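Before any comments, here is the structure.
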Amino acid sequence: MLDIRFVREHTDKIFDALGKRAQKTDILDKFLEIENKRRELLKFVEELRQQRNSLSQDIGRLKKQGGDASAIMSEAKSVSDQITTKEETLRELETGALQELLLIPNIPHESVPHGKDETGNVEVRTWGEKPQFTFEPRNHWDIGESLGILDFERAGKIAGARFAILKGAGAKLERALINFMLNLHTKDHGYTEIFPPILVNRQSMTGTGQLPKFEEDLFKLADERGFYLIPTAEVPVTNIHREEILDEDALPIFYTAYTPCFRREAGSYGKDTRGLIRQHQFNKVELVKFVKPEDSYNELEALTGNAEEVLKRLGLPYRVVSLCTGDMGFSSAKTYDLEVWFPAQGKYREISSCSNFEDFQARRASIRFKRKGGKGTEFVHTLNGSGLAVGRTFAAILENFQQEDGSVIIPDALRHFVGTDKIVL
RNA sequence: GGAGAGGUGGCCGAGUCGGUCGAAGGCAGCCGCCUGCUAAGCGGUUGUGGGGGUAACACCUCACCCAGGGUUCGAAUCCCUGCCUCUCCGCCA
């Protein structure tokens with residue numbers, strides 16, 4: 001969420017940002033209309049309240065002196081009735097204005113390339129050598145199924161499409177990846193490990209920006225408490241400090257968390273229907289930072305580097321892409337995607353998305369800090385990135401390190417965790 | 001699942017039969033003074049958000065004592081609902 005005052009006073013900038021994001025600008029007009037009415041009425045209601053307060057005080061004073069207050073009391077009653085009526089309208093305007101405000105996306109940082117869709121994204125750098133094969137490289141699902149470590153068919157029986165069973169060395173490889181990533185981030189990159197709730201409430205989803213706009217992407221439990229399954233650890237981990245005022249000394253805060261993630265994938269019918277790329281349930285190790293505003297862009301570079309380090313240590317070729325204004329997520333001010341090489345598809349696919357939200361999430365979630373000696377509070381800047389999506393890393397390993405005999409070489413960094421250097425038929 | 005207790009400002013903690021309560025007191029913090037230094041001491045000060053206002057302060061005002069409703073001229077104080085915490089019993093991993 002943007003600052004309500006900022007939106008009001010810098011309409012041109014919001015208008016501009018919406019344009020860059022290739023979005024309609026009518027929400028802005030709608031917001032302004034409601035917001036102006038809201039302020040007008042608010043002023044009026046506050047004046048009435050002031051009147052009521054002073055009358056009530058008079059009544060109190062008079063009664064203490066044993067006087068007759070009935071005349072003032074009836075006057076106060078009529079003021080009070082007026083307030084009740086107006087307050088109802090005011091409440092409607094308030095929720096209306098907030099609703100619109102929550103639908104306005106973040107303003108892209110000036111360094112973000114302009115573009116209307118993914119074709120406008122800019123490759124920042126590449127790393128690693130794409131493997132050369134003397135044979136036709138196979139898809140990871142073929143490799144996995146023939147090795148007996150992936151079973152999509154039975155997963156379909158148990159749950160449905162877009163689920164997988166990992167078995168034997170496959171399950172072990174998945175677990176190895178999680179351990180490897182968490183160890184790297186906690187030991188070498190200074191993150192504190194978190195294991196958060198995987199069901200969260202509506203407020204948390206709103207805090208990080210999944211709601212109200214992206215309800216259809218989420219799994220919601222039928223339970224009357226209205227729990228949602230998290231689509232990413234970003235949600236519970238960022239919300240750890242929701243409605244808190246942090247000490248300046250406490251910043252920066254770095255958290256890493258492994259969690260399963262759950263996504264409806266509504267509207268992606270026909271996309272990546274096979275394999276591990278797009279599942280309803282997948283594992284991810286997430287990186288989350290809470291930092292001071294002046295540090296957030298440096299921290300974004302560092303965080304992206306932390307995610308890249310995973311790929312480097314695994315020896316997986318990748319590239320870093322700066323998402324353009326039209327392709328960036330709703331809450332983000334700047335995003336780098338890490339894309340890993342998939343030989344069978346002959347292209348790079350997203351494996352991590354690292355974003356600086358500036359104060360967009362912090363304002364929604366009310367995560368603030370106080371500077372030493374300074375007056376008032378400021379919103380922190382929040383960042384997060386996958387470090388990495390485990391399922392996609394799994395798939396990339398199968399594809400990049402496949403051998404002609406159908407076996408798969410395990411990267412050095414994982415051998416200690418998997419207990420073998422090769423998965424064989 | 002059954003029975004009780006409770007949720008007040010950064011923390012601790014008081015709030016009488018509802019009436020200048022945004023809230024006593026203490027701690028912590030900040031600013032002075034004092035002290036050879038430190039400690040102690042003395043005086044003052046310190047919540048958050050919204051609206052108005054200002055070049056910027058100042059200032060004015062409204063709201064907030066877990067959340068949401070209700071009663072009332074007026075609620076931290078009374079009533080209802082929800083959430084959370086704690087204790088005891090039962091049950092289960």
Side-chain angles (χ1 to χ4, degrees), chain A residues 1-10 31-102 195-207 221 223-228 236 239-251 253 290 359-380:
Chain A
M1 169 170 71
L2 296 166
D3 182 13
I4 194 161
R5 274 170 119 141
F6 183 86
V7 175
R8 222 193 282 142
E9 289 162 18
H10 303 274
F31 165 76
L32 289 170
E33 190 192 324
I34 299 172
E35 169 63 6
N36 288 334
K37 280 190 197 153
R38 184 202 133 238
R39 268 192 308 161
E40 205 175 304
L41 186 61
L42 178 64
K43 212 173 153 186
F44 185 58
V45 168
E46 286 192 347
E47 278 162 15
L48 286 176
R49 281 177 183 156
Q50 196 179 344
Q51 233 181 88
R52 182 193 61 190
N53 289 351
S54 90
L55 287 174
S56 292
Q57 278 178 18
D58 290 345
I59 293 166
R61 225 172 282 136
L62 206 58
K63 280 200 167 177
K64 229 170 220 172
Q65 293 165 6
D68 174 30
S70 57
I72 317 182
M73 272 170 73
S74 70
E75 192 189 343
K77 168 78 174 157
S78 87
V79 175
S80 192
D81 287 345
Q82 258 191 90
I83 292 174
T84 312
T85 323
K86 296 291 177 192
E87 271 181 341
E88 205 172 306
T89 319
L90 182 63
R91 213 173 311 158
E92 281 164 20
L93 289 172
E94 274 170 355
T95 56
L98 181 65
Q99 245 169 37
E100 298 307 317
L101 189 64
L102 286 172
F195 193 85
I198 286 160
L199 299 181
V200 300
N201 55 34
R202 186 175 179 88
Q203 278 171 295
S204 294
M205 285 296 184
T206 307
L221 300 200
D223 185 281
E224 68 280 358
R225 282 167 290 193
F227 290 127
Y228 292 88
N239 276 284
I240 287 175
H241 295 297
R242 173 152 51 88
E243 285 150 52
E244 289 186 16
I245 299 174
L246 303 164
D247 284 338
E248 184 180 10
D249 293 339
L251 299 174
I253 295 170
F290 302 82
D359 63 7
F360 191 85
Q361 290 182 329
R363 183 172 292 107
R364 283 178 166 240
S366 190
I367 308 169
R368 292 169 290 174
F369 77 104
K370 207 170 209 147
R371 286 192 200 270
K372 267 184 280 183
K375 262 199 251 177
T377 59
E378 289 176 57
F379 290 109
V380 302

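Note on naming: letters A, B, ... go to the chains in the order of the sequence lines (proteins, then strands), and numbering restarts at 1 for each one. Computation of the quantities below employed the complete heavy-atom set of this structure, encompassing side-chain atoms and omitting hydrogens, waters and symmetry-equivalent molecules. Not measured: the values here are computed from a predicted model.
- Between the C1' atoms of B:C60 and B:U71, the separation comes to 32 Å (whole Å).
- Rounded to the nearest Å, the gap between the P atom of B:A75 and that of B:A67 is 15 Å.
- Comparing B:G6 with B:G13, their C1' atoms sit 15 Å apart, to the nearest whole Å.
- Contact check for A:Ile83 versus A:Arg49: side-chain heavy atoms found under the 4.5 Å cut-off.
- At least one side-chain heavy atom of A:Glu244 sits less than 4.5 Å from a side-chain heavy atom of A:His241.
- Taking the C1' atoms as reference points, B:C65 lies 13 Å from B:U48, given to the whole Å.
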- Query: Given the rule in the salt bridge (charged side-chain N to carboxylate O under 4.0 Å, His left out) test, do A:Lys43 and A:Glu47 qualify, once you have shown the distances and angles that lead to the verdict?
  - Reply: CA-CA 6 Å; A:Lys43 212 173 153 186; A:Glu47 278 162 15; 5.4 Å; no
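- With a cut-off of 3.5 Å on both Watson-Crick or G-U wobble distances, the partner of B:C30 is given as B:G44.
- Contact annotation for A:Ile59: base contact, defined as any heavy-atom pair under 4.0 Å involving a base atom.
- For RNA chain B, the residues of residues 72-85 of chain A within the heavy-atom distance limit of 4.0 Å (strictly under) are A:Met73, A:Ala76, A:Lys77, A:Ser80, sorted by number.
- Which of B:G19, B:G51, B:A63 sits closest to the side chain of A:Arg52 comes down to B:A63.
- If you check distances only, the side chain of A:Gln57 never reaches the base of B:G74 with a donor-acceptor pair under 3.5 Å.
- For the pair A:Asn53 and A:Arg91, both in contact range of RNA chain B, the more 5′-proximal nearest nucleotide belongs to A:Asn53.
- Closest to the side chain of A:Lys63, out of B:A63, B:U48, B:G19, is B:G19.
- For A:Ser56, counting side-chain heavy atoms from C-beta on, the closest listed nucleotide (B:G49, B:G51, B:C73) is B:C73.
- In this structure, the nucleotide among B:C62, B:U48, B:G53 sitting nearest to the side chain of A:Arg5 is B:G53.
- Using a 4.0 Å heavy-atom cutoff across all strands shown, A:Arg61 reaches no nucleic acid atom at all.
- B:G29 and B:G10 have their C1' atoms separated by 9 Å, with the value rounded to a whole Å.
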